[in-house]
Amino acid sequence: MEGKKLLRYSIQLSMLKQLLTLNLINEMEYKLIQKKLMKDYGIVSNITA
C-alpha cells in the first residue's frame, strides 16, 4: 500500500509541475498545492527542492 501511495503522490507532483511549466499556475500556487499534497500523503520532506 505504501508504494502505491508514494507512486500516486509522485504522479500528482509531476502533473503539478507541468501546470507550473505551462504557466497555468504561478510559483506561489505551486508551493501551496505541493504543501497540501505533502500533508495529504504524509510526505515529511521535499527532496526535489
Side-chain angles (χ1 to χ4, degrees):
M1 180 63 188
E2 191 65 33
K4 284 185 178 183
K5 191 175 177 182
L6 184 58
L7 178 61
R8 190 169 178 97
Y9 168 75
S10 297
I11 291 169
Q12 289 195 10
L13 192 60
S14 176
M15 294 171 131
L16 182 62
K17 184 67 174 180
Q18 286 182 18
L19 292 175
L20 180 63
T21 302
L22 294 170
N23 293 320
L24 297 174
I25 60 174
N26 62 36
E27 189 73 32
M28 187 176 75
E29 292 168 318
Y30 174 84
K31 289 182 181 190
L32 184 69
I33 297 167
Q34 181 186 28
K35 277 187 177 184
K36 175 82 168 102
L37 285 174
M38 289 174 73
K39 182 179 178 189
D40 289 351
Y41 285 94
I43 306 297
V44 293
S45 84
N46 180 14
I47 61 169
T48 62

Would you say that K4 contacts R8 through its side chain, given a criterion of any heavy-atom pair below 4.5 Å between the two side chains? no
Within a strict 4.5 Å, meaning less than it, do heavy atoms of the I25 and L16 side chains meet?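 Sidechains of L16 and I25: in contact.
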How long is the span from the [atom1] atom in [X] to the [atom2] atom in [Y], to the nearest 0.5 Å?
X: Q34; Y: E27; atom1: CD; atom2: CD; answer: 9.0 Å
X: Y41; Y: E2; atom1: OH; atom2: CD; answer: 11.5 Å
X: L20; Y: M28; atom1: CG; atom2: CE; answer: 12.5 Å
X: D40; Y: K35; atom1: CG; atom2: NZ; answer: 14.0 Å

Answer yes or no: is there a donor N or O on one side and an acceptor on the other, between the side chain of E29 and the main chain of N26, under 3.5 Å? yes
Can a donor-acceptor pair be found, under 3.5 Å and without considering hydrogens, that links the side chain of S14 to the backbone of S10? no
Tell me whether [Y] is reachable from [X] by hopping between hydrophobic residues (I, L, V, M, F, W, Y) whose side-chain heavy atoms are closer than 4.5 Å.
X: L32; Y: Y30; result: no
X: L19; Y: L37; result: yes
X: L22; Y: I33; result: yes
X: L13; Y: L24; result: yes

